[in-house]
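Everything on this sheet refers to the single structure shown next.
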Amino acid sequence: MRNNKNYTDLLEALQNTYWLRSTLGLLGWDEQVNLPPGSAEHRGGQNAFLADLHHREFTRPEIGEWLDALEQERDSLTEDQRTVVTWTRRDYDRARKLPSEFVKRKTVHRSRSYHLWASSRKANDFAAYAPALETTIELAREEASLLGWEKNPYDYHVDRHDAGMTAARIEELFGKLRGPMVELTGTILSSPKKADLSIFKGFDVGRQEAFLRTVIARLGFDFNRGRLDRSIHPFCGGDGADTRMTTRFHPDNPLDAIFSSIHETGHGLYSQGLPVEERSNPLGQAVGMTVHESQSRLWENQVGRSRGFWTYFEPLLRQAFSSELSAISSEELYLAINAVHLNPIRVDSDEVTYNLHILLRFELEKALFDGNLAVRDLPAEWNRLSQEIVGLTPENDAQGVLQDIHWSGGAFGYFPSYCLGNMMAAQLWYTVLEDLPNLEKNFTEGDFQPLLQWLRAKIHRHGRRYDTDQMVKHSTGKPLAPDSLLRYLKERYLPLYQ
Ligand code: ZN
């Protein structure tokens, strides 16, 4: 049905909540990029007021009535209208079913838990943080129950980040990945060939930024409706109407800025490729974390670490840093770009060992929610499994169980999507290579448009028309599987480390 009053009213309400939500997003960006330290409380007040206003706008009873009516006449709706109704119903019910008393309790605890986590990590004192983590898990269970997932609370948290994904499905995928992944890592690490990351010294930050802006624009990011700024932790926020990316610079580690920026550019290109005129409703929004990460990882790894990419960009990098790079050969540079080394810290890990860190976290999250693991036993279990999966035991809890911010904020079920995103990226890579066999040659000429246009057509323009699994099938013709990731890592790393 083309002219449906309920539907146009619904879209108008979604437009209004979108203005509030995108303004909140902008305030969040500003908090990380610009906010003077003494203004944090002021910003907290602005955030809380706007978030409450957004919640009230989005949970208005009329929205439920329009959804009810539209669901009654579902057969007469267009495909796109059905997409909007289905996903809005999911988001609306989730917002309605959480009593404001619960939301407040959770918000208060999250802030307390974050500060306890940060101070415990600094002091390497897990016991000081453990009671807060226990409460966070109880709240996560309570939230799942309130939404009708009391029997499988972990599935609810997985589904929050990747609609349709379940713990059992992840277990199946990770189960197939684990053995070969551990073996491959061992093979690469046993090579006498080692990348040397200490070769980079004194790279002027201004020139790093100028180089990066050239790279990002060349990949296809539209600076006319997006920005690149600096923050402590790189991120990409906003949407296709106004995309906000950040990065950070270290004079002795130029690769960090390059790869974290290409990663965020992958997110940014996805945002800019979603139908911008539909950005207030599900037709113009991202599918979920796995698909988002597949985009950032594809650009960062399959593209950014390829020979083709560096054939084009190495001369430009050498132009910008002629004396700093004069003693470094092309092979040394390329090996550093593709360095593999065991690191207890997930965020400092390379694209091979990173996956092992995710397998470890998934096992622990699952056990915490199954009731098979008590919080007090978590550090010992972390260390035991870390040795078994990652291949090392962290020196202390600060470098082990306390390293990630995620659990302190109750973000359970989030970690798996990093590895699922890697799987999807590799699967996309082999699919696009079949469609566009000259891709690497395009890269050597600095032409990334064919890849970008392919991703636009296969993924970006579809918004939330598919859930995670459906999107993988739609874009690659096959269900999500670990085979492509293993094949890609072998093809990239084994020749390099032979
Ligand atoms: Zn990312």
Side-chain angles (χ1 to χ4, degrees), residues 25 28-29 32-33 157-158 160-163 165 170 212 215-216 219-221 226-240 243-249 255-274 285-305 343 345-359 361-362 403-407 409 411-429 448 451-452 455 459-460 464 468 471-472 475 480 485 488-489:
W29 167 86
Q32 310 265 332
V33 173
H157 290 280
V158 166
R160 272 175 66 204
H161 301 104
D162 282 306
M165 195 53 76
I170 298 172
L212 260 185
V215 173
I216 290 168
L219 296 180
F221 184 79
R227 288 180 59 92
L228 175 72
D229 293 273
R230 297 183 192 185
S231 67
I232 297 169
H233 302 287
F235 66 91
C236 177
D239 57 40
T243 316
R244 302 295 176 110
M245 306 194 297
T246 68
T247 191
R248 60 181 172 201
F249 295 99
L255 296 183
D256 180 70
I258 291 174
F259 285 102
S260 64
S261 298
I262 298 176
H263 179 96
E264 300 310 333
T265 302
H267 287 303
L269 291 171
Y270 182 23
S271 296
Q272 292 191 336
L274 291 160
Q285 294 163 356
V287 177
M289 275 292 301
T290 291
V291 177
H292 238 303
E293 280 300 310
S294 79
Q295 300 304 288
S296 54
R297 301 286 170 156
L298 180 79
W299 287 99
E300 176 191 355
N301 296 324
Q302 276 82 7
V303 179
R305 296 180 204 277
N343 194 316
I345 307 295
R346 173 184 59 88
V347 294
D348 294 335
S349 297
D350 51 82
E351 68 162 327
V352 179
T353 57
Y354 192 95
N355 296 295
L356 302 174
H357 282 279
I358 300 306
L359 299 180
R361 282 153 185 75
F362 173 69
Q403 67 178 276
D404 301 306
I405 188 173
H406 298 57
W407 291 343
F412 301 104
Y414 189 118
F415 285 120
S417 45
Y418 294 123
C419 184
L420 298 173
N422 284 340
M423 285 185 195
M424 183 175 174
Q427 208 161 313
L428 284 169
W429 180 241
F448 300 93
L451 173 62
L452 182 57
L455 292 170
I459 294 177
H460 302 179
R464 271 165 104 182
T468 306
M471 185 59 100
V472 176
S475 55
L480 190 61
L485 177 61
Y488 155 74
L489 292 174

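Indexing begins at 1, ligand by ligand and atom by atom, following the structure's order.
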Do any side-chain atoms of residues 228-238 form donor-acceptor pairs under 3.5 angstrom with protein atoms, and if so which ones, sequence neighbours left out?
unit_1: Asp229; atom_1: OD1; unit_2: Arg227; atom_2: NH2; d: 2.8
unit_1: Asp229; atom_1: OD2; unit_2: Arg227; atom_2: NE; d: 3.0
unit_1: Arg230; atom_1: NE; unit_2: Glu209; atom_2: OE1; d: 3.3
unit_1: Arg230; atom_1: NH2; unit_2: Glu209; atom_2: OE1; d: 2.6
unit_1: Ser231; atom_1: OG; unit_2: His233; atom_2: O; d: 2.8
unit_1: Ser231; atom_1: OG; unit_2: Thr246; atom_2: OG1; d: 2.7

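Nearest heavy atoms, Thr468 versus Met165: CG2-CE, 4.0 Å.
A search for ring-ring contact (aromatic ring centres under 6.0 Å, His included) contacts involving His460 returns Tyr270, not counting sequence neighbours. Not counting sequence neighbours, the partners of Asp256 by the salt bridge (Lys or Arg N to Asp or Glu O under 4.0 Å) test are Arg248.
Only protein N, O or S atoms were scored, and 3 of them lie under 2.8 Å from the Zn ion (ligand 1).
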Ser349 vs His357, side chain to side chain donor-acceptor pair (under 3.5 Å): CA-CA, chis, key distance, verdict: CA-CA 9 Å; Ser349 297; His357 282 279; 3.1 Å; yes
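For Arg297 and Tyr354, the positive end sits near the middle of the six-membered ring, less than 6.0 Å away and at most 45° from its axis.
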